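The block underneath contains the structure these notes are about, expressed in structure tokens.
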Amino acid sequence: VLEQCDDYDDDVVLAVAHNEMPRLVLALRGLLKDHTHDENGRCQSCGYHKTERGYELRTWPCPVVTSVHSYVQDATRFYDYLGEPDPIYA
């Protein structure tokens, strides 16, 4: 929505954030809920991956949970990953 605007009025930004943030939080919670561990400490969503012992279920926390946690802890890391400057500090 905001990409279509040339001038970001604070009220518009606030209205978009008010509508979109709950949806983003629900999506993130759903993603993390899908990637919970079973009784053996294995991720229930990642499935099998190849190891030196053959194919095994991924241990928890899986790469998805680890990535989400690291991006939440250090949001600027995400912009480094994208190769773009952090828009807050640009």
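Bear in mind that the values here come from a model prediction, so they are computed numbers and not experimental data.
- Taking CG of N19 as the reference point, atom CG of L14 lies at 9.5 Å (rounded to 0.5 Å).
- By the rule that hydrophobic residues join a cluster once side-chain heavy atoms approach within less than 4.5 Å of another member, W60 and L32 end up as members of one cluster.
- Counted within 6.0 Å of NE2 on H49, heavy atoms from surrounding residues, nucleotides or ligands total more than 12; the atom is thus considered enclosed.
- No continuous path of ILVMFWY side-chain contacts below 4.5 Å connects Y71 to V65, so the two sit in separate hydrophobic clusters.
- One finds the CE atom of M21 at 9.5 Å from the CG atom of L28 (value rounded to the nearest 0.5 Å).
- Here the side chain of S67 pairs no donor or acceptor atom with the backbone of V64 at under 3.5 angstrom.
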If you look only at distance, which donor and acceptor atoms sit under 3.5 Å apart when one is on a side chain in residues 39-47 and the other is two or more places apart or in another chain?
from: R42; atom 1: NH1; to: L57; atom 2: O; distance (Å): 2.9
from: Q44; atom 1: NE2; to: H37; atom 2: O; distance (Å): 3.0
from: S45; atom 1: OG; to: D34; atom 2: O; distance (Å): 2.4

